[in-house]
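The structure appears right after this line, and notes come after that.
The structure presented is a predicted model; accordingly, all values stated were derived computationally and were not measured.
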Amino acid sequence: MTAEILLASLHLATPEIILAIGALALLMIGVFSGEKSGTTVTVLAILLLVISGGWMILSGADGLAFGGVFVSDAFARFLKVVALIGSVTAIIMTLGQSRSEHLNQFEFPVLLVLATLGILLMISANDLISAYLALELQSLALYVVAAINRDSLKSTEAGLKYFVLGALSSGMMLYGMSLVYGFTGHTGFAEIATALSGESRSLGLLFGLVFVLTGFAFKISAVPFHMWTPDVYEGAPTPVTAFFAAAPKIAAMAMLVRIVGTAFEPIKLDWQQVISFIAIASMVLGAFAAIGQRNIKRLMAYSSIGHMGYALVGLAAGTKTGVSGVLIYMTIYMVMTLGTFACIMAMRRKDGGVTENIDDLAGLSATNPFMAVVLTALMFSLAGIPPLAGFFGKYFVFVAAIEAKLYALAIIGVLASVVGCYYYLRVIKLMWFDEAKGEFARTAGVLRLVFGLSGLFVAGYVLIGGPLGAAAEAASASFF
């Protein structure tokens, strides 16, 4: 690699380099400043992520870096900006909660920056090895933050479950990658596609494909690899759960789209069947398993499983419209989820205790009308009620499925959406028609800002959806 090529590669990867060097600097600041530097390091971490995102938007460079293992294109930039917005918002939400959730250690924001670095590398990965290394960088940081509250048995249990099951899925995915390499002789996505288009597929390669898709299905908590999600969502501190539900899922979905849209594109009929099965199973389980939940974080976990199924409907279509639908859906899902978790973090009793019981939202319209209105809009949007943002997300992926003649997939998705309306409407019924059991403590200004902006987004999507749709369409053109 010549000096010119190296410099060009470093230019393309500048946002990631900023985060890597910045994370090390933040770690040193925390170490030398002591335990009281938590807030300072958190603010600096937010600034670091904003600088990285600003550089990415202003530079807008396309190309391959480091011998083709790293790619920068419109698809990568779109999802990186979305993921960075999710990461920044999740970290901002911790500012008012850090002490009560035992997250005031300086290591916490540093780990989130490292996880975000892994997320950006996952989105730009163009090789099996770089994809795996990026995934592990993100995962190792998340294993730690899930169990960062060492005084909580539930948090420790959540971290351990996530680590054990994550290691299992990681091993399965690595085994699948070794099979793909063994049967194609390549690790680069473009080279794998060339090898697959020039010869008939083998049974061993199909096994490799299934194992690779298994690893990604675990990361997006799709059925049947969803088993970690409810326990980790419930056990991890709520600000950590909010981060889990936003940026990492975007990165895993981005990598899944890239690997099937580039490396496995010649065997489209094979991966379409796997993705369709996972999508159907996720939508159905997410719709029915959430009905009996009484803990709102577990409810959001099953809701997340269902929503990943809806996003996979667009991917199963395997078309430009489908990929564009996935991008729009993931963006809308991230905003809805962060807003809902901001409301969940505001569920604090006046004595300082935290409550996660759905029944405690009873009578919220009388005690906190603003939060009740916003949470109602978010619940309707998650259910897919028009004209809110969630409706348009589902509309785009279902239209893509219908255009691809996947009628059964679209019909099952619509029916699952109808079933899912039940548990969202139950929350709304509690807030507006039941008697108040008590009043929550005053909501932190940061949380009011986050769920207020989320509510504004889902309610006003009709006005701002055009530019977002155009950006998603331009990003999806990277594969077609």
Side-chain angles (χ1 to χ4, degrees), residues 1 64-71 76 115 117-143 162-228 248-249 251-278 312 315-316 318 479:
M1 184 181 291
L64 296 173
F66 307 112
V69 302
F70 181 97
V71 60
L117 171 61
I119 286 166
L120 299 191
L121 291 172
M122 284 172 68
I123 294 171
S124 280
N126 197 40
D127 183 276
L128 292 177
I129 296 174
S130 63
Y132 180 75
L133 291 175
L135 184 67
E136 287 305 293
L137 173 60
Q138 179 230 55
S139 298
L140 289 171
L142 294 184
Y143 297 151
Y162 190 31
F163 171 69
V164 171
L165 293 172
L168 174 64
S169 76
S170 181
M172 292 173 72
M173 184 169 65
L174 195 59
Y175 178 60
M177 289 178 172
S178 69
L179 286 175
V180 172
Y181 172 69
F183 283 94
T184 62
H186 300 283
T187 58
F189 291 171
E191 290 80 5
I192 291 172
T194 303
L196 292 179
S197 60
E199 60 185 42
S200 60
R201 72 194 193 292
S202 60
L203 183 62
L205 179 70
L206 292 182
F207 271 103
L209 168 67
V210 171
F211 276 114
V212 169
L213 294 182
T214 295
F216 292 124
F218 176 89
K219 292 302 175 187
I220 62 172
S221 61
V223 176
F225 311 102
H226 65 285
M227 67 291 290
W228 62 275
K249 281 191 169 36
M253 187 64 76
M255 191 187 286
L256 183 57
V257 171
R258 193 180 290 282
I259 200 168
V260 300
T262 306
F264 297 129
E265 198 278 332
I267 53 172
K268 179 178 174 180
L269 290 176
D270 295 305
W271 62 255
Q272 259 187 328
Q273 296 176 48
V274 179
I275 297 294
S276 296
F277 168 77
I278 293 174
L312 289 174
L315 179 57
F479 299 103

Correct closest heavy-atom pair for F183 and S202 would be CD2-OG, 3.2 Å

Rounded to the nearest 0.5 Å, the CG atom of L174 sits from the OG atom of S169 at a distance of 11.0 Å

The ring-ring contact (aromatic ring centres under 6.0 Å, His included) partners of Y132 (sequence neighbours excluded) come to none

message: So F70 and L121, do their side chains get closer than 4.5 Å, heavy atoms only?
response: yes

Taken in chain and number order and not counting sequence neighbours, the residues that satisfy side chain to side chain contact (heavy atoms under 4.5 Å, CB included) with A115 are A141, L142, F243

Smallest heavy-atom separation, I119 atom then A251 atom, equals CG2-CB, 3.5 Å

Original post:
Does the side chain of V180 reach to within under 4.5 Å of the side chain of L205, using non-hydrogen atoms?
Top reply: yes

Salt bridge (charged side-chain N to carboxylate O under 4.0 Å, His left out) pairs touching residues 259-273, sequence neighbours excluded, are R201-D270

To the nearest 0.5 Å, atom NE2 of H226 lies from atom CD1 of I220 at 13.0 Å

Can you tell if the side chain of L256 reaches within under 4.5 Å of the side chain of L213, non-hydrogen atoms only?
yes

Value for CZ (F225) from CG (L168), rounded to nearest 0.5 Å, stands at 9.0 Å

By side chain to side chain contact (heavy atoms under 4.5 Å, CB included), A316 pairs with (sequence neighbours left out) I275, S276, L406, L409

Heavy-atom nearest pair, I278 first then A222, reads CG2-CB, 3.4 Å

Smallest heavy-atom separation, L196 atom then F264 atom, equals CD1-CD2, 3.8 Å

For R258 and A76, the nearest pair of non-hydrogen atoms, with its separation, is NH2-CB, 3.7 Å

**Study point:** Min side-chain heavy-atom separation V71-T262 under 4.5 Å
**Key:** no

So side chain to side chain donor-acceptor pair (under 3.5 Å) across residues 205-220, not counting sequence neighbours, yields S139-K219

Those residues at least two apart in sequence (or on a different chain) that pass ring-ring contact (aromatic ring centres under 6.0 Å, His included) with Y175 are F211

For residues 185-192, dump all side-chain donor-acceptor pairs below 3.5 Å to protein atoms at least two apart in sequence or in another chain.
residue	atom	partner	partner atom	Å
T187	OG1	D127	OD1	3.4
T187	OG1	D127	OD2	2.8

Scanning both residues in full, the closest heavy-atom pair of P266 with A263 reads CD-O, 3.7 Å

Checklist entry - Hey, are the side chains of V69 and I129 touching, using non-hydrogen atoms and a 4.5 Å cut-off? => result no

For Y162, the ring-ring contact (aromatic ring centres under 6.0 Å, His included) test, sequence neighbours excluded, returns Y143, W228, F244

Rounded to the nearest 0.5 Å, the CE atom of M255 sits from the CE atom of M253 at a distance of 12.5 Å

